[in-house]
Student: 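Below is a structure I'd like to ask you about.
Chain identifiers are assigned alphabetically (A, B, ...) following the order of the sequence lines, protein sequences preceding nucleic acid strands; residue numbering begins at 1 within each chain. In what follows, every heavy atom counts, from backbone to side chain, and hydrogens, waters and symmetry copies are set aside.
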Protein chains: 2
Amino acid sequence: MTREPRWLDEEEQQTWLAFLGVTRRLDEALDRQLQRDAGMPHAYYMILVMLSAAPGRARRMTELAAATHSSPSRMSHAVTRLEAAGWVRRERCPSDRRGSIAVLTDAGFAVLAAAAPGHVEDVRANLFDQLTCEQVRQFGEICRVLLTHLDPHDDADPATPTAAAATR
Amino acid sequence: MTREPRWLDEEEQQTWLAFLGVTRRLDEALDRQLQRDAGMPHAYYMILVMLSAAPGRARRMTELAAATHSSPSRMSHAVTRLEAAGWVRRERCPSDRRGSIAVLTDAGFAVLAAAAPGHVEDVRANLFDQLTCEQVRQFGEICRVLLTHLDPHDDADPATPTAAAATR
DNA sequence: TCATAGTAGATGAGAGTTCAATCATCGACT
DNA sequence: AGTCGATGATTGAACTCTCATCTACTATGA
(Lines give C-alpha, C1' and ligand atoms only; values in the text may rest on other atoms or scores of the structure.)
Protein backbone atom coordinates (compact mmCIF):
# COMPACT_ATOMS: atom_id res chain seq x y z
CA MET A 1 0.00 0.00 0.00
CA THR A 2 2.56 2.58 1.06
CA ARG A 3 5.47 1.77 -1.16
CA GLU A 4 8.59 3.87 -1.46
CA PRO A 5 7.96 6.91 -3.66
CA ARG A 6 9.95 7.23 -6.84
CA TRP A 7 12.01 10.22 -5.70
CA LEU A 8 13.63 12.41 -8.31
CA ASP A 9 17.31 11.79 -8.85
CA GLU A 10 19.82 14.61 -8.71
CA GLU A 11 19.54 15.52 -12.37
CA GLU A 12 15.76 15.33 -12.45
CA GLN A 13 15.57 17.60 -9.43
CA GLN A 14 17.81 20.11 -11.07
CA THR A 15 15.76 20.05 -14.24
CA TRP A 16 12.54 20.42 -12.28
CA LEU A 17 13.85 23.40 -10.34
CA ALA A 18 15.14 25.00 -13.51
CA PHE A 19 11.74 24.55 -15.13
CA LEU A 20 9.97 26.12 -12.15
CA GLY A 21 12.44 28.98 -12.24
CA VAL A 22 11.92 29.56 -15.94
CA THR A 23 8.14 29.56 -15.81
CA ARG A 24 8.02 31.83 -12.80
CA ARG A 25 10.46 34.35 -14.21
CA LEU A 26 8.87 34.30 -17.62
CA ASP A 27 5.41 34.87 -16.18
CA GLU A 28 6.77 37.70 -14.11
CA ALA A 29 8.50 39.31 -17.04
CA LEU A 30 5.39 39.15 -19.22
CA ASP A 31 3.12 40.40 -16.47
CA ARG A 32 5.43 43.28 -15.75
CA GLN A 33 5.74 44.30 -19.38
CA LEU A 34 2.02 44.15 -20.03
CA GLN A 35 1.11 45.82 -16.77
CA ARG A 36 3.42 48.65 -17.72
CA ASP A 37 2.54 48.95 -21.41
CA ALA A 38 -1.12 47.98 -21.37
CA GLY A 39 -2.24 48.28 -17.77
CA MET A 40 -3.36 44.69 -17.49
CA PRO A 41 -1.96 41.29 -16.53
CA HIS A 42 -1.02 38.67 -19.07
CA ALA A 43 -4.21 36.67 -18.53
CA TYR A 44 -6.33 39.68 -19.48
CA TYR A 45 -4.19 40.44 -22.48
CA MET A 46 -4.85 36.90 -23.71
CA ILE A 47 -8.59 37.51 -23.44
CA LEU A 48 -8.27 40.53 -25.69
CA VAL A 49 -6.13 38.52 -28.09
CA MET A 50 -8.74 35.78 -28.32
CA LEU A 51 -11.47 38.34 -28.90
CA SER A 52 -9.50 40.14 -31.57
CA ALA A 53 -9.06 36.86 -33.46
CA ALA A 54 -12.74 35.95 -33.30
CA PRO A 55 -15.25 36.85 -36.05
CA GLY A 56 -16.84 40.18 -35.21
CA ARG A 57 -14.31 40.47 -32.37
CA ALA A 58 -16.99 38.86 -30.22
CA ARG A 59 -17.40 35.58 -28.38
CA ARG A 60 -19.68 33.85 -25.92
CA MET A 61 -18.37 33.83 -22.37
CA THR A 62 -18.18 30.06 -22.23
CA GLU A 63 -16.22 29.85 -25.47
CA LEU A 64 -13.87 32.51 -24.25
CA ALA A 65 -13.33 30.64 -20.99
CA ALA A 66 -12.53 27.45 -22.88
CA ALA A 67 -10.19 29.23 -25.28
CA THR A 68 -8.12 30.69 -22.46
CA HIS A 69 -8.59 27.65 -20.26
CA SER A 70 -10.11 29.56 -17.39
CA SER A 71 -13.18 28.99 -15.27
CA PRO A 72 -16.49 30.70 -16.07
CA SER A 73 -16.21 32.56 -12.81
CA ARG A 74 -12.77 33.85 -13.58
CA MET A 75 -13.86 34.93 -17.03
CA SER A 76 -16.84 36.75 -15.61
CA HIS A 77 -14.71 38.68 -13.14
CA ALA A 78 -12.12 39.41 -15.79
CA VAL A 79 -14.65 40.73 -18.31
CA THR A 80 -16.22 42.87 -15.60
CA ARG A 81 -12.83 44.44 -15.05
CA LEU A 82 -12.10 44.81 -18.78
CA GLU A 83 -15.55 46.33 -19.25
CA ALA A 84 -14.86 48.88 -16.53
CA ALA A 85 -11.68 49.80 -18.40
CA GLY A 86 -13.70 50.26 -21.58
CA TRP A 87 -11.88 47.58 -23.54
CA VAL A 88 -14.72 45.09 -23.71
CA ARG A 89 -18.47 45.42 -23.87
CA ARG A 90 -21.12 42.86 -22.93
CA GLU A 91 -24.07 42.09 -25.18
CA ARG A 92 -27.00 39.80 -24.59
CA CYS A 93 -27.08 36.69 -26.73
CA PRO A 94 -30.14 36.72 -29.02
CA SER A 95 -30.37 32.96 -29.53
CA ASP A 96 -29.97 31.96 -25.89
CA ARG A 97 -31.15 34.51 -23.40
CA ARG A 98 -29.04 33.02 -20.63
CA GLY A 99 -25.94 33.76 -22.60
CA SER A 100 -23.82 36.84 -22.81
CA ILE A 101 -21.34 37.89 -25.43
CA ALA A 102 -18.10 39.74 -24.88
CA VAL A 103 -17.20 42.21 -27.62
CA LEU A 104 -13.84 43.88 -28.06
CA THR A 105 -14.24 47.66 -28.27
CA ASP A 106 -12.18 49.93 -30.47
CA ALA A 107 -10.37 51.12 -27.38
CA GLY A 108 -9.64 47.52 -26.49
CA PHE A 109 -8.29 46.84 -29.96
CA ALA A 110 -6.16 49.95 -29.75
CA VAL A 111 -4.57 49.03 -26.45
CA LEU A 112 -3.92 45.54 -27.81
CA ALA A 113 -2.30 46.89 -30.95
CA ALA A 114 -0.16 49.20 -28.87
CA ALA A 115 1.06 46.49 -26.51
CA ALA A 116 1.51 43.62 -28.95
CA PRO A 117 4.87 44.57 -30.47
CA GLY A 118 6.51 44.88 -27.07
CA HIS A 119 4.94 41.65 -25.98
CA VAL A 120 6.19 39.67 -28.96
CA GLU A 121 9.58 41.21 -28.53
CA ASP A 122 9.61 40.02 -24.92
CA VAL A 123 8.60 36.50 -25.86
CA ARG A 124 11.28 36.37 -28.51
CA ALA A 125 14.00 37.85 -26.34
CA ASN A 126 13.33 35.55 -23.41
CA LEU A 127 12.49 32.37 -25.23
CA PHE A 128 13.06 31.86 -28.95
CA ASP A 129 16.17 34.00 -29.28
CA GLN A 130 17.88 32.03 -26.53
CA LEU A 131 17.51 28.66 -28.22
CA THR A 132 19.00 27.13 -31.33
CA CYS A 133 16.67 26.17 -34.18
CA GLU A 134 17.04 22.56 -33.17
CA GLN A 135 16.18 23.37 -29.55
CA VAL A 136 13.10 25.35 -30.60
CA ARG A 137 11.93 22.31 -32.51
CA GLN A 138 12.62 19.98 -29.56
CA PHE A 139 10.94 22.38 -27.18
CA GLY A 140 7.83 22.57 -29.33
CA GLU A 141 7.60 18.82 -29.56
CA ILE A 142 8.03 18.40 -25.80
CA CYS A 143 5.34 20.98 -25.04
CA ARG A 144 2.92 19.30 -27.41
CA VAL A 145 3.53 15.89 -25.85
CA LEU A 146 3.01 17.25 -22.35
CA LEU A 147 -0.08 19.22 -23.32
CA THR A 148 -1.66 16.18 -24.92
CA HIS A 149 -1.29 14.31 -21.66
CA LEU A 150 -2.34 17.17 -19.40
CA ASP A 151 -5.40 18.01 -21.46
CA PRO A 152 -6.47 15.25 -23.83
CA HIS A 153 -9.52 17.23 -24.94
CA ASP A 154 -7.55 20.19 -26.12
CA ASP A 155 -6.80 19.33 -29.72
CA ALA A 156 -4.40 22.22 -30.16
CA ASP A 157 -5.76 22.31 -33.68
CA PRO A 158 -3.93 25.09 -35.50
CA ALA A 159 -7.00 25.59 -37.67
CA THR A 160 -9.14 26.89 -34.84
CA PRO A 161 -9.42 30.65 -34.68
CA THR A 162 -8.31 30.51 -31.06
CA ALA A 163 -4.88 29.22 -31.87
CA ALA A 164 -4.27 31.77 -34.56
CA ALA A 165 -2.86 35.18 -33.90
CA ALA A 166 -2.11 34.67 -30.25
CA THR A 167 0.84 36.97 -30.26
CA ARG A 168 -0.21 39.18 -33.11
CA MET B 1 12.16 54.04 -34.62
CA THR B 2 8.95 52.10 -34.92
CA ARG B 3 10.01 49.24 -37.10
CA GLU B 4 7.89 46.23 -37.90
CA PRO B 5 7.82 43.84 -34.96
CA ARG B 6 9.23 40.38 -35.51
CA TRP B 7 5.89 38.56 -35.26
CA LEU B 8 5.88 34.88 -34.41
CA ASP B 9 5.43 32.57 -37.35
CA GLU B 10 2.78 29.87 -37.35
CA GLU B 11 4.94 27.23 -35.73
CA GLU B 12 6.38 29.56 -33.13
CA GLN B 13 2.90 30.65 -32.17
CA GLN B 14 1.78 27.09 -31.78
CA THR B 15 4.80 26.29 -29.63
CA TRP B 16 4.24 29.36 -27.50
CA LEU B 17 0.58 28.52 -26.92
CA ALA B 18 1.45 24.93 -26.10
CA PHE B 19 4.02 26.13 -23.59
CA LEU B 20 1.51 28.46 -21.95
CA GLY B 21 -0.98 25.62 -21.84
CA VAL B 22 1.50 23.25 -20.27
CA THR B 23 2.66 25.62 -17.56
CA ARG B 24 -0.87 26.65 -16.66
CA ARG B 25 -2.19 23.10 -16.46
CA LEU B 26 0.85 21.88 -14.57
CA ASP B 27 0.58 24.68 -12.03
CA GLU B 28 -3.08 23.93 -11.63
CA ALA B 29 -2.50 20.22 -11.14
CA LEU B 30 0.21 20.77 -8.53
CA ASP B 31 -1.79 23.40 -6.68
CA ARG B 32 -4.81 21.15 -6.59
CA GLN B 33 -2.90 18.14 -5.34
CA LEU B 34 -1.10 20.07 -2.62
CA GLN B 35 -4.18 22.00 -1.59
CA ARG B 36 -5.94 18.70 -1.16
CA ASP B 37 -3.14 16.71 0.49
CA ALA B 38 -1.38 19.41 2.46
CA GLY B 39 -3.82 22.30 2.68
CA MET B 40 -1.49 24.76 1.04
CA PRO B 41 -0.61 26.04 -2.44
CA HIS B 42 2.53 25.00 -4.28
CA ALA B 43 4.37 28.22 -3.45
CA TYR B 44 3.93 27.59 0.27
CA TYR B 45 4.97 23.99 -0.09
CA MET B 46 8.22 25.17 -1.67
CA ILE B 47 8.88 27.39 1.33
CA LEU B 48 8.63 24.39 3.63
CA VAL B 49 10.87 22.41 1.28
CA MET B 50 13.53 25.10 1.37
CA LEU B 51 13.32 25.29 5.14
CA SER B 52 13.57 21.54 5.53
CA ALA B 53 16.76 21.51 3.46
CA ALA B 54 18.41 24.31 5.45
CA PRO B 55 20.71 23.69 8.42
CA GLY B 56 18.63 23.73 11.57
CA ARG B 57 15.55 23.87 9.37
CA ALA B 58 15.81 27.63 9.71
CA ARG B 59 16.56 30.55 7.41
CA ARG B 60 16.53 34.32 7.31
CA MET B 61 13.50 35.81 5.58
CA THR B 62 15.58 37.46 2.89
CA GLU B 63 17.45 34.27 2.11
CA LEU B 64 14.19 32.40 1.93
CA ALA B 65 12.75 35.00 -0.42
CA ALA B 66 15.76 34.70 -2.69
CA ALA B 67 15.69 30.90 -2.61
CA THR B 68 12.07 30.77 -3.73
CA HIS B 69 12.46 33.85 -5.90
CA SER B 70 9.68 35.79 -4.23
CA SER B 71 9.48 39.31 -2.91
CA PRO B 72 10.12 40.11 0.76
CA SER B 73 6.51 41.19 1.06
CA ARG B 74 5.17 37.97 -0.34
CA MET B 75 7.42 35.95 1.94
CA SER B 76 6.29 37.91 4.95
CA HIS B 77 2.62 37.33 4.15
CA ALA B 78 3.27 33.67 3.42
CA VAL B 79 5.17 33.04 6.64
CA THR B 80 2.43 34.79 8.58
CA ARG B 81 -0.02 32.32 7.10
CA LEU B 82 2.26 29.31 7.66
CA GLU B 83 2.83 30.47 11.22
CA ALA B 84 -0.91 30.63 11.83
CA ALA B 85 -1.14 27.04 10.60
CA GLY B 86 1.58 26.05 13.05
CA TRP B 87 4.03 24.86 10.40
CA VAL B 88 6.57 27.64 10.81
CA ARG B 89 7.73 29.71 13.73
CA ARG B 90 9.45 33.10 13.68
CA GLU B 91 12.53 33.86 15.77
CA ARG B 92 14.45 37.07 16.16
CA CYS B 93 17.88 37.13 14.61
CA PRO B 94 20.57 37.54 17.32
CA SER B 95 23.25 39.01 15.07
CA ASP B 96 21.04 41.57 13.32
CA ARG B 97 18.08 42.84 15.26
CA ARG B 98 16.27 43.94 12.12
CA GLY B 99 16.25 40.39 10.90
CA SER B 100 13.85 37.60 11.51
CA ILE B 101 14.32 33.87 11.09
CA ALA B 102 11.73 31.38 9.90
CA VAL B 103 11.98 27.96 11.52
CA LEU B 104 10.19 24.83 10.33
CA THR B 105 8.24 23.25 13.20
CA ASP B 106 7.79 19.52 13.71
CA ALA B 107 4.22 19.85 12.55
CA GLY B 108 5.48 21.59 9.41
CA PHE B 109 7.98 18.83 8.77
CA ALA B 110 5.26 16.24 9.27
CA VAL B 111 2.87 17.82 6.78
CA LEU B 112 5.73 18.09 4.31
CA ALA B 113 6.68 14.43 4.74
CA ALA B 114 3.07 13.42 4.28
CA ALA B 115 2.55 15.41 1.09
CA ALA B 116 5.89 14.82 -0.60
CA PRO B 117 5.30 11.34 -2.06
CA GLY B 118 2.08 12.41 -3.76
CA HIS B 119 3.76 15.53 -5.03
CA VAL B 120 6.70 13.69 -6.57
CA GLU B 121 4.32 11.20 -8.09
CA ASP B 122 2.43 14.08 -9.68
CA VAL B 123 5.56 15.66 -11.08
CA ARG B 124 6.64 12.33 -12.51
CA ALA B 125 3.28 11.44 -13.96
CA ASN B 126 2.78 14.80 -15.64
CA LEU B 127 6.30 15.54 -16.75
CA PHE B 128 9.11 12.99 -16.67
CA ASP B 129 7.02 9.92 -17.42
CA GLN B 130 5.65 11.55 -20.56
CA LEU B 131 9.03 12.17 -22.14
CA THR B 132 11.70 9.89 -23.53
CA CYS B 133 15.11 9.87 -21.86
CA GLU B 134 16.45 11.92 -24.71
CA GLN B 135 13.65 14.45 -24.36
CA VAL B 136 14.24 14.77 -20.62
CA ARG B 137 17.85 15.57 -21.36
CA GLN B 138 16.90 18.12 -24.04
CA PHE B 139 14.29 19.65 -21.76
CA GLY B 140 16.79 20.04 -18.92
CA GLU B 141 19.29 21.70 -21.19
CA ILE B 142 16.70 24.08 -22.61
CA CYS B 143 15.48 25.08 -19.13
CA ARG B 144 19.02 25.75 -17.96
CA VAL B 145 19.75 27.92 -20.98
CA LEU B 146 16.58 29.93 -20.49
CA LEU B 147 17.10 30.30 -16.77
CA THR B 148 20.64 31.55 -17.26
CA HIS B 149 19.30 34.31 -19.47
CA LEU B 150 16.28 35.17 -17.35
CA ASP B 151 18.26 35.32 -14.14
CA PRO B 152 22.01 35.65 -14.67
CA HIS B 153 22.62 35.89 -10.93
CA ASP B 154 21.04 32.58 -10.17
CA ASP B 155 23.90 30.15 -10.54
CA ALA B 156 21.68 27.09 -10.37
CA ASP B 157 24.63 25.56 -8.57
CA PRO B 158 23.62 22.03 -7.60
CA ALA B 159 25.90 22.31 -4.58
CA THR B 160 23.81 24.97 -2.88
CA PRO B 161 21.48 23.66 -0.23
CA THR B 162 18.58 25.39 -1.95
CA ALA B 163 18.85 23.32 -5.07
CA ALA B 164 19.06 20.05 -3.19
CA ALA B 165 16.06 18.12 -2.02
CA ALA B 166 13.44 20.19 -3.73
CA THR B 167 11.09 17.33 -4.23
CA ARG B 168 12.26 15.15 -1.39
C1' DT C 1 -49.11 22.93 -18.79
C1' DC C 2 -46.08 21.81 -15.07
C1' DA C 3 -42.19 19.77 -12.90
C1' DT C 4 -37.46 18.89 -13.15
C1' DA C 5 -32.75 18.48 -14.50
C1' DG C 6 -29.20 20.79 -16.76
C1' DT C 7 -26.68 24.95 -18.58
C1' DA C 8 -24.95 30.07 -18.81
C1' DG C 9 -23.42 33.31 -16.27
C1' DA C 10 -23.01 36.41 -12.10
C1' DT C 11 -21.87 37.19 -7.32
C1' DG C 12 -19.58 37.34 -2.72
C1' DA C 13 -16.37 35.68 0.45
C1' DG C 14 -11.80 34.18 1.31
C1' DA C 15 -6.95 33.43 -0.02
C1' DG C 16 -2.66 34.90 -2.33
C1' DT C 17 0.05 38.51 -4.74
C1' DT C 18 1.65 43.12 -5.71
C1' DC C 19 2.81 47.68 -4.71
C1' DA C 20 3.71 51.50 -2.13
C1' DA C 21 4.47 53.08 2.24
C1' DT C 22 6.37 52.49 6.96
C1' DC C 23 9.39 51.26 10.86
C1' DA C 24 13.49 49.80 13.03
C1' DT C 25 18.14 48.93 12.73
C1' DC C 26 22.75 48.84 10.70
C1' DG C 27 27.04 50.91 8.82
C1' DA C 28 29.76 54.56 7.67
C1' DC C 29 31.18 59.01 7.97
C1' DT C 30 31.78 63.84 10.62
C1' DA D 1 27.86 61.02 19.94
C1' DG D 2 25.03 62.41 15.88
C1' DT D 3 23.61 62.25 11.18
C1' DC D 4 22.25 59.89 7.07
C1' DG D 5 21.67 56.67 3.47
C1' DA D 6 20.99 51.73 2.94
C1' DT D 7 18.93 47.35 4.51
C1' DG D 8 15.54 43.75 6.72
C1' DA D 9 11.17 43.12 7.40
C1' DT D 10 6.28 44.25 8.03
C1' DT D 11 1.79 46.34 6.88
C1' DG D 12 -2.50 47.71 4.38
C1' DA D 13 -4.88 48.48 0.24
C1' DA D 14 -6.00 47.09 -4.29
C1' DC D 15 -6.26 43.41 -7.42
C1' DT D 16 -6.78 38.59 -9.15
C1' DC D 17 -8.18 33.94 -8.56
C1' DT D 18 -10.87 30.14 -6.48
C1' DC D 19 -14.76 28.12 -4.63
C1' DA D 20 -19.38 27.75 -3.35
C1' DT D 21 -23.65 29.61 -4.12
C1' DC D 22 -27.38 31.71 -6.63
C1' DT D 23 -30.38 33.33 -10.47
C1' DA D 24 -32.22 32.91 -14.90
C1' DC D 25 -33.14 30.39 -18.67
C1' DT D 26 -33.42 26.01 -21.71
C1' DA D 27 -34.76 21.44 -22.66
C1' DT D 28 -37.04 17.27 -21.64
C1' DG D 29 -40.82 14.56 -20.47
C1' DA D 30 -45.05 13.33 -18.20
Student: Reading DNA chain D from 5' onward, which residue's closest nucleotide shows up sooner: Glu28(B) or Val79(B)?
Tutor: Val79(B)
Student: Do Ile101(B) and Leu82(B) belong to the same hydrophobic cluster, where Ile, Leu, Val, Met, Phe, Trp and Tyr are linked whenever their side-chain heavy atoms lie under 4.5 Å apart, directly or via other members?
Tutor: no
Student: Choose from dC26(C), dT17(C), dA15(C) the nucleotide whose nearest atom is closest to any side-chain atom of Arg81(B).
Tutor: dA15(C)
Student: Would Arg57(B) count as a cation-pi partner of Phe109(B), with NZ or CZ less than 6.0 Å from the six-membered ring centre and within 45° of the ring normal?
Tutor: yes
Student: Could you tell me how far apart Arg92(A) (CZ) and dA24(D) (P) are, to the nearest whole angstrom?
Tutor: 11 Å
Student: Does the dT11(C) base have a donor-acceptor partner in the side chain of Ser73(A) within less than 3.5 Å?
Tutor: yes
Student: Can you figure out which of dT25(C), dT11(D), dG6(C) approaches the side chain of Arg98(A) most closely?
Tutor: dG6(C)
Student: Check whether any side-chain nitrogen or oxygen of Arg60(A) sits under 4.0 Å from OP1 or OP2 of dA8(C), and answer yes or no.
Tutor: no
Student: Atom CG of Asp96(B) to atom P of dC26(C): distance rounded to whole Å?
Tutor: 6 Å
Student: For Leu34(B) and dG16(C), what is the distance between atoms CG and C1' respectively, to the nearest whole Å?
Tutor: 15 Å
Student: Any side-chain N or O of Arg90(A) under 4.0 Å from OP1/OP2 of dA10(C)?
Tutor: yes
Student: Tyr44(A) has an atom OH; how far is it from atom C1' of dC15(D), in whole Å?
Tutor: 8 Å
Student: Of the nucleotides dG8(D), dG16(C), dC19(C), which one has an atom closest to the side chain of His77(B)?
Tutor: dC19(C)
Student: According to a strict under-4.0 Å criterion, is Arg74(B) in side-chain N/O contact with OP1 or OP2 of dT17(C)?
Tutor: yes
Student: Taking the side chain from Ser76(A) and the backbone from Ser73(A), do they hold a donor-acceptor pair closer than 3.5 Å?
Tutor: no
Student: With respect to the phosphate group of dT18(C), does any side-chain polar atom (N or O) of Arg32(A) fall under 4.0 Å of OP1 or OP2?
Tutor: no
Student: Starting from C1' on dG16(C), measure out to CZ on Arg24(A) and report it in whole angstrom.
Tutor: 12 Å
Student: Please classify the nucleic acid contact of Pro72(A) as base, sugar-phosphate, or nothing, using heavy-atom distances under 4.0 Å.
Tutor: nothing
Student: What is the distance, to the nearest angstrom, from the CE atom on Met61(A) to the C1' atom on dC25(D)?
Tutor: 17 Å
Student: Does a side-chain N or O from Tyr45(B) land closer than 4.0 Å to OP1 or OP2 of dG16(C), or not?
Tutor: no
Student: For Gln35(B) and for Met75(A), find the nucleotide of DNA chain C with the closest heavy atom, then tell me which residue's nucleotide is more 5'.
Tutor: Met75(A)
Student: State whether Ser71(B) places a side-chain N or O below 4.0 Å from either non-bridging phosphate oxygen (OP1 or OP2) of dT17(C).
Tutor: no
Student: Would you please name every residue forming a side chain to side chain donor-acceptor pair (under 3.5 Å) with Glu83(B), sequence neighbours left out?
Tutor: Arg90(B)
Student: Rounded to the nearest Å, what distance is computed from the CG atom of residue Leu64(B) to the P atom of nucleotide dT10(D)?
Tutor: 11 Å
Student: Which residue pairs pass the salt bridge (charged side-chain N to carboxylate O under 4.0 Å, His left out) test when at least one of the two sits in residues 116-126 of chain A, sequence neighbours left out?
Tutor: Glu121(A)-Arg6(B), Arg124(A)-Glu12(B)
Student: Under 4.0 Å, counting only non-hydrogen atoms across every strand here, what does Ala78(B) touch: a base, just sugar-phosphate, or nothing?
Tutor: nothing
Student: Could you tell me how the ring of Phe19(A) sits relative to the ring of Phe19(B): parallel (under 30°), tilted (30 to 60°) or perpendicular (over 60°)?
Tutor: perpendicular
Student: Atom CG of Leu82(B) and atom P of dA15(C): how far apart are they, to the nearest Å?
Tutor: 14 Å
